[in-house]
Amino acid sequence: MDLLIYPRVFTVSNSRNLTIFLPRARLKFSASAVKGRVKSGEAEKTGAAIVWYKHDLRVDDHSGLIAAASQYRTLVPVYVFDHRIVSRFSDEILELLLFALEDLRKLLKEQGSNLMIRFGSAERVIGQLVKEVTASSIFVEEEMEYELCRMLDIVNETLSTVSFDGRNPEIVKWSTPFYDVKSLDDLPLSYNEFKKLKFPVVSSLLPPTLPGPPMDLFWGALPTLDDLKKFIDDSSNVGNLEKEWNSFKKFSAQSVLQRKRLKELEKAELIESNQQIAISKTTQRRPEKSAFVTRQGNLVGGGASIVLNALAAYLRYLEGTARDEWQEVHDKLREAESREGASFHSLFGSSLLLGIISARRVYFEAIKYEKDRNGGFLSPFGYSTTTIAAAIDTVYSMEWYRLLTLQGQRRERGNYSVRIWRWNGHLIQYTVSGHEGPPILLVHGFGAFLEHYRDNANPIAESGNRVWAITLLGFGKSEKPNVLYTELLWAELLRDFIIEVIGEPVHLVGNSIGGYFVAILAGLWPALAKSVVLINSAGNIIPGYSAPSYSEDRRTLGAAARLGARLLLLYLRFNIRNILKSFYPTKTDRANDELIHEMLRASYDPGAIVVLESIFIFDLSLPLNYLLEGYGKILVIQGMKDPLSDSKSKLAMLREHCRGIVTKEIDAGHCPQDEQPNEVNSIIEEWVVSIESENIRYDTGELVPAQNQINKLHELPDASQNGAQEAVATVV
């Protein structure tokens, strides 16, 4: 990675190690950044630069803006509506974006500058603008998401074809450090060890004085929301199928279940009902200075001053207020508090994602209020209000996963090239192998991560497939936010991953609780699944089940459950080696240090206990035979020595109550794909070939037309298992 983080010194790194000094913040840029522009120890203001805004829509605490203003006589801030950036946003986030850009333009004008608005691919827009203003550098915030990193690389390639005075314009990547960390290479992988180092938080920065904008440029107008959505549809070059898929994301898994339960309700009536709900929200009277500026009114947004005012209201929740806009924040806080502290990210996460305010600005606002409450002191025993704790814990957690991601991108991780996808603002790790062939998605179980398919992804890809493996939200090195984790949330994540990353129907493979997640996905959005492969899957079989009776509200988590999760975490930490080996009865050596160390490491991550608490609210009442009814392309791979269940009975129940399934018995435990990878790989490879050729291979080895379905028997674990038993049963 190109970035190092220090306080008080700003560094531009190149072959001559030239340095620029600025107050309080130092950033180290890539070696390809700025070559010979400045002399050591002084800043020459000359030439022109572009500040390319993406997810940093502010003027204060903006290191890139400060660096550019300190070095260049002419500065052109620009926001590019590139479909690769904006197409990932929901309608509500798009609304927030437009409000934020309007405020950013106003703030830049107050500083003597302006904000240019452009539409199109970033490489074309930036390439043209560089020529228009003869810019020698483009300052842009560094990226971690794979697709956006690719976009920056394409822009850089475009700039290599442009030359001024024998030099190519170059991208200068910057970042806003939260902690004063000297080197990412020296960071411990354990959050427990990281906290012991007690890195100080780097102070936030004031807005710089900006040079006046060139007068002969066309700065462009902001679009309306409808115009922006039309631009996204037109520029994304998607067909009707892709548009239909994108519409899937507008309906939660819960609403799809309701539709399945109320079959007499026509789709049009549901849409009309949703529209009426949306209209009723927009017609509700809002305070004049409301921070909930969108039609749906769920998220804090607007400009920086509005967001900071809402933050002040949030922090002061216990004080009460007579101010209408603060009372509105307090009302929204109560609605969003699905569990203690979860309301902060629910309300302010989108503002942080768009960079309307920085994480360290949130931290210092919260600390300032805490000191005000305590006579200028900070208590060593914790924060005085839950809202202060929620704000600080959230930005602490976000920064840890950012550092963990940056560190991981600097290091080789065995056979995998780990990529980053951002879902609902959270960092998700995944990998992909293969360049052609049918797409396959591998989903791990509870407590595991993408490396649980360490000997599956590449071999299956080498047989002529494209294979994705994902680390789900809450596990491994993916982010573990303070949210309410449910089986439906994970199914929605997989749905969005297929739509946004893979982009076509896939063969779904899931182990343990991951098998239940893919069954939900296939049951609710069958258009996204080519087939389903269940490997020692969780879930129940309920003969004669027809209409889903599903718990819609699981917000309440009792003290007993929270205590139970903490005790269970301690138990798992001390016994993980023995537990894991029991899941590998035929090859205990496969339960090695590689798996054990990562499971232990992840158990200390911020938010790990929240994920573990979810097992006490898991609802497995949707049986597999209901979810997969009529699907017809189902393969069950069962480790017959699974210590968690009676495998023979499980298979018998599935064969009887799930039509059209194919079963394969493996001499293995709970994780056959990792215990007997070669055998499982061969089965999956043959299965995919048969499905792709519209044939299904049954237990007899005979190839039969796909439409000919058979009924066989199988059973899954008793539905009456309590939460702790389910936790151990799904730990991998």
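- Rounding to the nearest 0.5 Å gives a distance of 12.0 Å between CG of Leu108 and CE of Met116.
- Side-chain atoms of Gln71 come within 3.5 Å of backbone N or O of Ala67 as a donor-acceptor pair.
- Annotation for Leu210 and Ala69: closest pair CD2-CB, 3.8 Å, computed over non-hydrogen atoms.
- Here the side chains of Val418 and Gln409 are not in contact, with every heavy-atom distance at 4.5 Å or above.
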Query raised in the report: When you look at Ser63 and Leu205, which way does the side chain to side chain contact (heavy atoms under 4.5 Å, CB included) test go after all the steps?
Result: CA-CA 8 Å; Ser63 304; Leu205 304 169; 3.7 Å; yes

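- One finds the CG atom of Leu228 at 10.5 Å from the CD atom of Glu95 (value rounded to the nearest 0.5 Å).
- Annotation for Ile470 and Phe497: closest pair CD1-CD1, 3.8 Å, computed over non-hydrogen atoms.
- The backbone N or O of Phe194 sits nowhere less than 3.5 Å from a side-chain atom of Lys198 that would complete a donor-acceptor pair.
- A heavy-atom distance below 4.5 Å is found between the side chains of Ser358 and Arg58.
- The closest side-chain heavy-atom distance from Leu96 to Val293 is below 4.5 Å.
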Requested in this report: For side chain to side chain contact (heavy atoms under 4.5 Å, CB included), just list the numbers for Val501 and Tyr146, CA-CA rounded to whole Å, side-chain angles, deciding distance to a tenth of an Å, and then say yes or no.
Outcome: CA-CA 10 Å; Val501 178; Tyr146 174 75; over 6 Å; no

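- Using a 4.5 Å heavy-atom cutoff, the side chains of Leu97 and Leu57 are in contact.
- Contact check on Arg88 versus Glu145 returns a salt bridge, with a Lys/Arg side-chain nitrogen under 4.0 Å from an Asp/Glu carboxylate oxygen.
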Show the atom names and distances, to 0.1 Å, of all donor-acceptor pairs under 3.5 Å that link a side chain in residues 300-319 to residues at least two apart or in another chain.
from, atom 1, to, atom 2, distance (Å)
Asn309, OD1, Arg323, NH2, 3.1
Asn309, OD1, Trp326, NE1, 3.0
Tyr314, OH, Ser343, OG, 2.8
Tyr314, OH, Phe344, N, 3.2
Arg316, NH1, Ala312, O, 3.1
Tyr317, OH, Arg334, NH1, 3.2
Glu319, OE2, Tyr369, OH, 2.5

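- The closest side-chain heavy-atom distance from Pro481 to Tyr401 is not below 4.5 Å.
- The distance between the ring centers of Tyr430 and Trp421 does not fall below 6.0 angstrom.
- Ion pairing between a basic and an acidic side chain is recognised when a charged N comes within 4.0 Å of a carboxylate O; Arg402 and Glu142 show such pairing.
- Not one N or O on the side chain of Ser478 forms a donor-acceptor pair closer than 3.5 Å with the backbone of Gly474.
- Interatomic distance, Asp56 CG to Glu141 CD, rounded to the nearest 0.5 Å: 4.5 Å.
- A cation-pi arrangement, defined by a distance under 6.0 Å to the six-membered ring centre and an angle within 45 degrees of its axis, is present between Lys332 and Phe292.
- Judged by distance alone, with hydrogens and angles left aside, the side-chain atoms of Arg360 form a donor-acceptor pair with the main-chain N or O of Pro177 at under 3.5 Å.
- The list of salt bridge (Lys or Arg N to Asp or Glu O under 4.0 Å) pairs with a residue in residues 105-115, not counting sequence neighbours, reads Asp103-Lys106.
- Put simply, CZ on Phe164 and OG on Ser136 are 9.0 Å apart, with the number rounded to the nearest 0.5 Å.
- Residues Leu104 and Phe99 are not in side-chain contact: their nearest non-hydrogen atoms beyond the backbone lie 4.5 Å or more apart.
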Query - Derivation of the side chain to side chain contact (heavy atoms under 4.5 Å, CB included) call for Val483 and His345 - result: CA-CA 9 Å; Val483 299; His345 193 278; 5.7 Å; no

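- Checked options Trp52, Tyr72, Tyr53; the residue passing with Phe139 is Tyr72 (criterion: side-chain contact (heavy atoms from CB on, under 4.5 Å)).
- Between Ala359 and Val395, the closest heavy-atom pair is O-CG1, 3.7 Å.
- Annotation: the span from Leu353 atom CG to His55 atom NE2 amounts to 6.0 Å, rounded to 0.5 Å.
- Without hydrogens or angle criteria, Glu143 side chain to Leu152 main chain gives no donor-acceptor distance under 3.5 Å.
- A 4.5 Å side-chain heavy-atom check between Tyr179 and Val202 finds every atom pair outside the cut-off.
- Between Leu101 atom CG and Tyr79 atom OH the span is 6.0 Å, to the nearest 0.5 Å.
- Relative orientation of the Tyr363 and Tyr396 rings is tilted, given thresholds of 30° and 60° on the angle between their planes.
- Applying the side chain to side chain donor-acceptor pair (under 3.5 Å) test to Lys289 and every residue at least two apart in sequence or in another chain returns nothing.
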Requested in this report: Tell me, with the steps shown, if His426 and Met398 meet side chain to side chain contact (heavy atoms under 4.5 Å, CB included).
Outcome: CA-CA 8 Å; His426 307 302; Met398 291 173 61; over 6 Å; no

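- Not a single donor-acceptor pair under 3.5 Å links the side chain of Ser397 to the backbone N or O of Asp393.
- At a threshold of 4.0 Å, the pair Lys230-Asp226 does not count as salt-bridged, since none of the basic side-chain nitrogens sits closer than that to a carboxylate oxygen.
- Between Ser417 and Thr431, the shortest heavy-atom contact is O-OG1, 3.2 Å.
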Report task. Mind running salt bridge (Lys or Arg N to Asp or Glu O under 4.0 Å) on Lys368 and Glu365 for me, showing each step along the way? Result -> CA-CA 5 Å; Lys368 180 179 182 297; Glu365 291 293 330; over 6 Å; no

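- The salt bridge (Lys or Arg N to Asp or Glu O under 4.0 Å) test applied to Glu328 returns no partner, not counting sequence neighbours.
- Side-chain contact between Val155 and Leu159 is present, with at least one heavy-atom pair separated by less than 4.5 Å.
- Across every non-hydrogen atom of Ile117 and Phe81, the tightest pair is CG2-CE1, 3.6 Å.
- The backbone N or O of Gln296 lies less than 3.5 Å from no partner atom in the side chain of Glu92, so there is not a single donor-acceptor pair.
- Evaluation of the side chain to side chain donor-acceptor pair (under 3.5 Å) rule for Ser384 yields Glu370, Arg373 as partners, not counting sequence neighbours.
- Taking the charged nitrogens against the carboxylate oxygens, Arg361 and Asp61 have no contact shorter than 4.0 Å, which rules out a salt bridge.
- When every heavy atom of Arg118 is checked against every heavy atom of Gly220, the shortest pair comes out as NH1-N, 4.1 Å.
- Side-chain atoms of Tyr383 do not come within 3.5 Å of backbone N or O of Ile392 as any donor-acceptor pair.
- In this structure, the side chain of Glu337 engages the main chain of Gly341 through a donor-acceptor pair within 3.5 Å.
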Please list, one pair per line, the donor and acceptor atoms closer than 3.5 Å that link side chains of residues 121-131 to other protein atoms, with sequence neighbours excluded.
from, atom 1, to, atom 2, distance (Å)
Ser121, OG, Arg124, N, 3.4
Glu123, OE1, Arg84, NH1, 3.4
Glu123, OE1, Arg84, NH2, 2.5
Arg124, NH2, Phe119, O, 2.9

